[in-house]
Amino acid sequence: MTASSAVKAALATQAIETPSWAYGNSGTRFKVFAREGVPRTPREKLEDAARVHELTGAAPSVALHIPWDRVDDYAALATFAKDLGLRLGTINSNVFQDDDYRLGSVCHPDPRVRRKALDHLLECVDIMDATGSRDLKLWFADGTNYPGQDDIRARQDRLAEALTAVYGRLGADQRMLLEYKFFEPAFYTTDVPDWGTAYAHCLRLGERAQVVVDTGHHAPGTNIEFIVAVLLREGKLGGFDFNSRFYADDDLMVGAADPFQLFRIMHEVIGGGGFVPDVAFMLDQCHNIEPKIPAIIRSVMNVQEATAKALLVDREALAAAQSTGDVLGANAVLMDAYNTDVRPLLAELREERGLDPDPIAAYRRSGWAERIVAERRGGEQAGWGA
């Protein structure tokens, strides 16, 4: 098998999960700019997601966010997704929007608020049972703004208690994915601020508790690929939330700010044996000034391109250079792969799979953008205000 054939064979197995909320109106704390044709219901979000998968062949699942995607019948929603050629993926909880969570959710000093948050997390597991979803993703805005505001260790105890309860509720084939973020909205202490804290809690819980790496949730200069490599080595990398950041949690399209970083991350994923279904490749982005569906298509393509370049790394040559201390030679092996234009290879792969070689152009020709603007009138657009 030639190198290009091997790369295409690997890429054909890659699945990138798109987030339901990215199809709705979302953006920054300054302003959310609404667009015509935005989905009004979870089913309309799935219809848009089906277009992305139809054009890319690489986005077969959609993550839900509760309560943003709450419906009366989740099994029926799963059937609707299946009829569109999709499946319902990760269930994301939300314990950060209610006024009760001003001082935290599962780490709140008030046991009533902690119980409310825990009940929601357990409800999300019930939804997983109905949708057939494998993963429950947890992100907590919990933290403090001032020294002395609360007991740091006590908050960790409360967090551990809640995670243990949720972990105990999971089915045998279900996983808990714990996300971290170094700041915001809490500025003095954040209760899950880094991969080490998330790893410590997951290690205590068991093998079905895994860490999620959101590529936007790191301080400037953080070596994210090192974190990826360590978590893979420990068997604790559950997945990614892919996006880009220039400053903090910018939630821009993945690969937009630093495509070389995305390549380096994927190099570690492939080298560490993480290019398997156990590691979930998810997008977590907000599209505020750009059209939603083309932005998601572009994001899927960006992940594919970074993956293709990482697959082209001559690992035998790299190992030889590393073993002999050839610093520049080893770096050159990586740079040769990164500087390869993989777009023709991906275009060939799409054509071989019966897809248009240019998904963005195909979307523009499809008429879907004009159709949803004409049909989605009235009702309330999906999204959140700012």
Side-chain angles (χ1 to χ4, degrees), residues 14-26 38-39 41-53 56 58-71 74-75 77-82 84-97 120-121 123-140 166 170 173-181 210-217 237-243 249 251-254 277-287 292-293 295-300 302-303 382-384:
Q14 187 175 39
I16 301 162
E17 185 165 287
T18 67
S20 68
W21 54 95
Y23 296 98
N25 288 318
S26 57
V38 165
T41 67
R43 291 193 173 211
E44 290 183 345
K45 294 178 184 179
L46 292 175
E47 290 173 346
D48 286 353
R51 302 287 79 74
V52 173
H53 183 46
T56 64
S61 63
V62 181
L64 300 184
H65 209 298
I66 308 301
W68 299 343
D69 295 315
R70 180 166 281 143
V71 295
Y74 290 99
L77 187 65
T79 299
F80 182 77
K82 183 177 180 181
L84 291 172
L86 301 171
R87 66 176 181 274
L88 299 182
T90 305
I91 302 299
N92 292 258
S93 60
N94 183 322
V95 285
F96 52 84
Q97 283 194 312
H120 171 70
L121 301 184
E123 175 199 11
C124 287
V125 182
D126 293 339
I127 293 170
M128 294 170 67
D129 293 340
T131 59
S133 300
R134 178 187 66 170
D135 294 335
L136 170 68
K137 182 139 62 70
L138 305 178
W139 174 72
F140 300 102
V166 177
L170 293 176
D173 297 324
Q174 294 173 336
R175 305 190 306 172
M176 172 192 295
L177 305 183
L178 182 58
E179 189 174 350
Y180 59 90
K181 184 177 183 181
Q210 301 275 303
V211 180
V212 167
V213 175
D214 185 307
T215 51
H217 285 188
L237 179 63
F240 290 95
D241 275 356
F242 281 129
N243 54 69
D249 188 20
D251 272 337
L252 300 173
M253 293 189 305
V254 58
D278 288 342
V279 177
F281 297 101
M282 301 173 282
L283 303 180
D284 181 12
Q285 304 175 171
C286 292
H287 305 297
K292 319 297 180 183
I293 299 174
I296 296 171
I297 293 173
R298 173 61 63 190
S299 298
V300 170
N302 287 349
V303 174
W384 50 275

Does the distance from a Lys or Arg side-chain N to an Asp or Glu carboxylate O, for [X] and [Y], drop under 4.0 Å?
X: Arg70; Y: Glu123; value: yes
X: Asp214; Y: Lys181; value: no
X: Arg175; Y: Asp278; value: no
X: Asp69; Y: Lys45; value: yes

Do the side chains of [Y] and [X] get nearer than 4.5 Å, heavy atoms only?
X: Arg87; Y: Lys82; answer: no
X: Arg134; Y: Asp173; answer: no
X: Ile16; Y: Met282; answer: no
X: Gln285; Y: Ser299; answer: yes
X: Pro39; Y: Glu47; answer: no
X: Trp21; Y: Asn92; answer: yes
X: Leu283; Y: Asp241; answer: no
X: Pro67; Y: Asn94; answer: yes

Gap between atom [atom2] of [Y] and atom [atom1] of [X] - 0.5 Å precision:
X: His287; Y: Ile296; atom1: NE2; atom2: CD1; answer: 4.5 Å
X: Leu64; Y: Ser93; atom1: CG; atom2: OG; answer: 12.5 Å
X: Tyr74; Y: Ile66; atom1: OH; atom2: CD1; answer: 4.0 Å
X: Thr18; Y: Asp284; atom1: OG1; atom2: CG; answer: 11.5 Å
X: Arg43; Y: Ser20; atom1: CZ; atom2: OG; answer: 14.5 Å
X: Asn302; Y: Ile297; atom1: CG; atom2: CD1; answer: 12.0 Å

Donor-acceptor contact below 3.5 Å, side chain [X] vs main chain [Y]:
X: Thr215; Y: Asn243; answer: yes
X: Lys137; Y: Glu179; answer: no
X: Glu17; Y: Thr90; answer: yes
X: Ser26; Y: Ala22; answer: no
X: Ser133; Y: Asp129; answer: no

**Phe96 vs Trp139, ring-ring contact (aromatic ring centres under 6.0 Å, His included): CA-CA, chis, key distance, verdict** = CA-CA 9 Å; Phe96 52 84; Trp139 174 72; 5.3 Å; yes
**Request:** Begin from the C-alpha positions of Val254 and Val303 and carry the test side chain to side chain contact (heavy atoms under 4.5 Å, CB included) through to its verdict.
**Result:** CA-CA 7 Å; Val254 58; Val303 174; 3.7 Å; yes
**Request:** Only one of Leu177, Leu170, Ile91 passes side-chain contact (heavy atoms from CB on, under 4.5 Å) with Asp135; say which it is.
**Result:**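 In the set Leu177, Leu170, Ile91, the residue that makes a side-chain contact (heavy atoms from CB on, under 4.5 Å) with Asp135 is Leu177.
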Nearest heavy-atom pair of [X] and [Y]: which atoms, and what distance?
X: His53; Y: Ala58; answer: ND1-N, 3.6 Å
X: Ala59; Y: Val52; answer: CB-CG1, 4.0 Å
X: Val71; Y: Pro42; answer: CG1-CG, 3.7 Å
X: Glu44; Y: Val38; answer: OE1-O, 4.5 Å
X: Tyr23; Y: Ala49; answer: OH-CA, 3.2 Å

**Asked** Do Leu178 and Val212 pass the side chain to side chain contact (heavy atoms under 4.5 Å, CB included) test, and can you show the C-alpha distance, the side-chain angles, and the key distance before you say yes or no?
**Response** CA-CA 6 Å; Leu178 182 58; Val212 167; over 6 Å; no
